[in-house]
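Remarks on the structure that follows.
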Amino acid sequence: MAPVPISPLKVGHIDDVQELRKAKSKIPERFVRDITERPTLATCSSSSSGIPIIDFSKLSKGDFDEVLSELVQLSTACEEWGFFQVINHGIDLSLLEKIEKVTKEFFMLPLAEKQKYPMAPGTVQGYGQAFVFSEDQKLDWCNMFALGVEPQVIRNPKLWPTKPAKFGETVEAYSREVRKLCQSLLKYLAMTLGLKGDVLNEMFGEAVQAIRTNYYPPCSRPDLVLGLSPHSDGSALTVLQERRGSSIGLQILKDDKWVSVQPLPNALVINIGDTLEVLSNGKYKSVEHRAVTHKQKDRLSIVTFYAPSYEIELGPIPELVDENNPCKYRRYNHGEYSKHYVTNKLQGKKTLEFAKIQTSNYN
Ligand SMILES: COC(=O)C(/C=C/C1=C(C)CCCC1(C)C)=C/O[C@H]1C=C(C)C(=O)O1
Ligand SMILES: O=C(O)CCC(=O)C(=O)O
Ligand SMILES: [Fe+2]
């Protein structure tokens, strides 16, 4: 039988938003959102949110009462917000500054230099726009640069930039520290779920870790565009660092309103991804979020996705399923979920339908 031709994705021309900004050109139609998707005031909460704050040093070094009270706060944060900020996380502030510096330097390079590391249509690593699958899909007001970090097999060495000179070593050092933080958080999260501390880390095997840096230049019409489309993360945990002096941009969907998040200086914003929602049988929420832009100020976020090995099969942890909490998700292979996630556009929590057990109202 003749091989079935694989049709290459037709995504059309994707403008680079930094270049659009420089040219001061009119915002191309592909960036202008339909009226229902625009970040209008009617759909946004007037105040910026105080997402819960977790003091990591109390978890790691506190006395018994401090640990217990912080674990309770962590559990409430994951159930009610799906987002929290970690202070006193133990990562050297100079390393946080370094990653911001090299990332900003990368985005400030001439376009031709950044385009040496192109994100091919339908893939998620390199420089460009991820999650674009058709010519009529709306685009985000964002330039992205993403790399698979661990395990080594997900790395594409051709996409690791040579400029700025310290980019690679800084990403390595930063990712090592963020990995340790994720492992510690998974230990505490397991405890909040009434499980042994090592259950999640052992289950994850050789965990997958990726870094994505998002640069949002100012936009003359922030009311018409989105910096990043609404989505939930496919990871177990996501760690977000915002560059000092950035505009407010991250918004989370809480009680059907978009609430802005203002990170504390030196804190890291953590969110629960789809994988932990499934493992906890829906107790912990993978919350929909998006980014909006600003008329005068730019914004840079550095995002780490931490997820189980592609090899593992997962589903709700049996101890978290009972008569009162019936099983909400089927079992599946995480590699398959990853594939499903990266081959679909960002569309709220739609990707997680892959794992949901459909319940009928007619039973
Ligand atoms: C918005 O989400 C993402 O961009 C994203 C992508 C992550 C990845 C890379 C940038 C490089 C290669 C691996 C990987 C797919 C992890 C989210 O990551 C989530 C989604 C899944 C699934 C996951 O495991 O992490
Ligand atoms: O830049 C932000 O604040 C959001 C980034 C994000 O949600 C992501 O990269 O998945
Ligand atoms: Fe996200």
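Counting convention: from 1, in listed order, for ligands and their atoms alike. This structure is a prediction, so every number in the text was calculated from the model and none was measured. Computed over heavy atoms, backbone and side chain alike; hydrogens, waters and symmetry mates excluded.
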### Query
What part of Thr238, side chain from CB on, backbone N/CA/C/O, both or neither, has a heavy atom under 4.0 Å from ligand 2?
neither

### Query
Heavy-atom contacts under 4.0 Å between Ser235 and ligand 1: side chain, backbone, both, or neither?
both

#### Entry: NZ/Lys98: more than 12 non-hydrogen atoms of other groups inside 6.0 Å
no

#### Entry: Check: Phe56 ring centre within less than 6.0 Å of His89 ring centre
no

## Note on the structure
among protein heavy atoms, the one nearest atom 11 (C) of ligand 1 is Gln125 CG, 3.6 Å

### Task
Would you confirm whether the ring centroid of Tyr332 sits within less than 6.0 angstrom of the ring centroid of Tyr337?
yes

### Query
Who's the nearest protein heavy-atom neighbour of atom 6 (C) of ligand 2, and how far?
Leu228 CD2, 3.3 Å

### Task
Would you check the N or O atoms of His334, main chain and side chain alike, for any that come under 3.5 Å of an N or O of ligand 1?
yes

### Query
If you measure from each heavy atom of His231 to ligand 2, is any distance below 4.0 Å?
yes

Donor-acceptor contacts, no H, no angles, side chain residues 67-75, under 3.5 Å, sequence neighbours left out:
unit_1	atom_1	unit_2	atom_2	d
Glu70	OE2	Asp55	N	2.7
Ser75	OG	Tyr284	OH	3.3

### Summary
closest protein heavy atom to atom 21 (C) of ligand 1 is Gly234 C, 3.6 Å

### Summary
The N/O/S atom of Asp233 lying closest to the Fe ion (ligand 3) is OD1

### Task
With heavy atoms under 4.0 Å as the rule, classify the contact between Asp274 and ligand 1 as side chain, backbone, both or neither.
neither

### Message
Applying a heavy-atom cut-off of 4.0 Å, say which part of Arg212 lies close to ligand 2: side chain, backbone, both or neither.
### Response
side chain

### Query
Do Phe305 and Tyr341 make the cut of ring centroids closer than 6.0 angstrom?
no

### Query
Relative to atom 7 (O) of ligand 2, which among Gln251, His289, Met144, Gln241 owns the nearest non-hydrogen atom?
His289

### Query
In His289, which N, O or S atom comes closest to the Fe ion (ligand 3)?
NE2

### Query
Which is closest to atom 13 (C) of ligand 1 in terms of heavy atoms, Tyr337, Phe131, Tyr310, Phe305?
Tyr310

#### Entry: Heavy atom of the protein closest to atom 3 (O) of ligand 2 (residue, atom name, distance)
Arg299 NH2, 2.7 Å

### Query
Contact between His340 and ligand 1, counting heavy atoms under 4.0 Å?
no

### Query
Can you find a non-hydrogen atom of Glu242 under 4.0 Å from ligand 2?
no

### Validation row, ring centre Phe83 to ring centre His289 under 6.0 Å
yes

### Query
Who's the nearest protein heavy-atom neighbour of atom 9 (C) of ligand 1, and how far?
Ala210 CB, 3.4 Å

### Message
I need the contact type for Ser338 against ligand 1. Using non-hydrogen atoms and a strict under-4.0 Å cut-off, is it side chain, backbone, both or neither?
### Response
both

